[in-house]
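All remarks here apply to the structure that follows.
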Amino acid sequence: MSQLQRITIAPSQLQQELIVLTSQQEHYLKRVLRLRDGDRFIVMDGLGKWWLAQITGEQAQVLEELTVKTELPVTITLLVALPKGSGFDEVVRSCTELGVSCIAPVLSDRTLLNPSPQKLERWRRIAAEAAEQSERAFVPTILEPIAFNEVVTNTTATHRYICEARGEYPHLKNVLTQISGEIVIAIGPEGGWTDKELEQAAAFSFQPVSLGQRILRAVTAPLVALSLITAACEA
């Protein structure tokens with residue numbers, strides 16, 4: 001089953017036992033993957049459901065629902081100050097593979113990038129593709145860019161961390177004990193968070209943590225943080 005190709009559909013495409021394929025999906029399955037009528041593949045809705053299906057003309061027939069157990073036992077929301085260039089593409093792709101539930105692109109005091117709506121569409125497409133590749137049951141939610149002060153003040157998760165390279169803060173791996181429910185972790189931009197941002201985060205119960213003694217790139221730090229959380233949850 002693991003060798004079958006996977007595609008993500010919108011829930012509205014499933015009509016009883018039939019899946020109405022878009023023209024792009026039909027092209028991908030038949031022209032790119034060269035599947036023929038009767039060939040099987042896996043369909044996922046990005047909301048936790050998987051099905052085994054087979055091509056029947058311009059549609060797909062659902063054969064059976066599949067059970068998938070690839071999700072982490074906790075919900076992780078990643079607040080990432082937008083890095084320069086196309087670095088956020090790799091953050092979305094890799095963190096999706098690692099199990100993130102939600103990614104919020106954050107506009108901080110030192111953020112250089114002001115993304116277009118097309119960028120948001122691209123990030124959501126990357127998340128869907130990465131979820132298919134890593135056999136996730138869920139496609140992470142990619143939020144619209146949000147100001148740092150707004151996202152910090154509206155966070156309600158029990159476990160809240162903000163990563164900072166400068167200063168004597170406990171290592172993230174040492175504070176990940178008896179974690180459950182939802183984790184929110186904030187990663188800064190090139191140059192790090194400002195003192196004002198750190199103070200504001202602390203005022204809303206964010207615990208400053210370290211990711212080690214080295215200075216990590218803005219696109220590397222999220223992967224380190226997610227890897228540590230994943231290791232603690234799945235140990």
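Values below: every heavy atom of this structure, side chains too, minus hydrogens, waters and symmetry copies.
- Side-chain atoms of Ile42 and Trp50, non-hydrogen and from C-beta on, do get closer than 4.5 Å to each other.
- The distance from the OG1 atom of Thr194 to the NZ atom of Lys196 is 7.5 Å, given to the nearest 0.5 Å.
- Under the side-chain hydrogen bond (donor to acceptor under 3.5 Å, both in side chains) test applied with Glu182, the options Thr77, Thr155, Thr156, Thr75 reduce to a single match, Thr77.
- Remark: Lys30 NZ is packed, more than 12 non-hydrogen atoms of other residues, nucleotides or ligands lying under 6.0 Å away.
- Looking only at side-chain heavy atoms (C-beta outward), Leu18 and Val62 stay at 4.5 Å or farther from each other.
- Under the 3.5 Å distance criterion, with hydrogens and angles disregarded, no donor-acceptor pair is assigned to the side chains of Glu132 and Gln5.
- For Glu65, the CD atom counts as densely surrounded, since its 6.0 Å shell holds more than 12 non-hydrogen atoms of other residues, nucleotides or ligands.
- Residue Arg40 qualifies as open at atom CZ: its count of foreign heavy atoms under 6.0 Å is 12 or below.
- When side chains are defined from C-beta on, Trp123 counts as touching Pro115, because their heavy atoms get closer than 4.5 Å.
- No side-chain donor from either of Thr56 and Gln61 sits under 3.5 Å from a side-chain acceptor of the other.
- At most 12 non-hydrogen atoms from other residues, nucleotides or ligands lie less than 6.0 angstrom from CD of Glu144.
- Look at Glu121 and Arg124 and you find no salt bridge, because none of the NZ, NE, NH1 or NH2 atoms lies under 4.0 Å from a carboxylate O.
- Residues Leu78 and Leu226 have side chains in contact (heavy-atom distance under 4.5 Å, counting atoms from C-beta outward).
- No side-chain heavy atom of Pro145 sits less than 4.5 Å from a side-chain heavy atom of Lys119.
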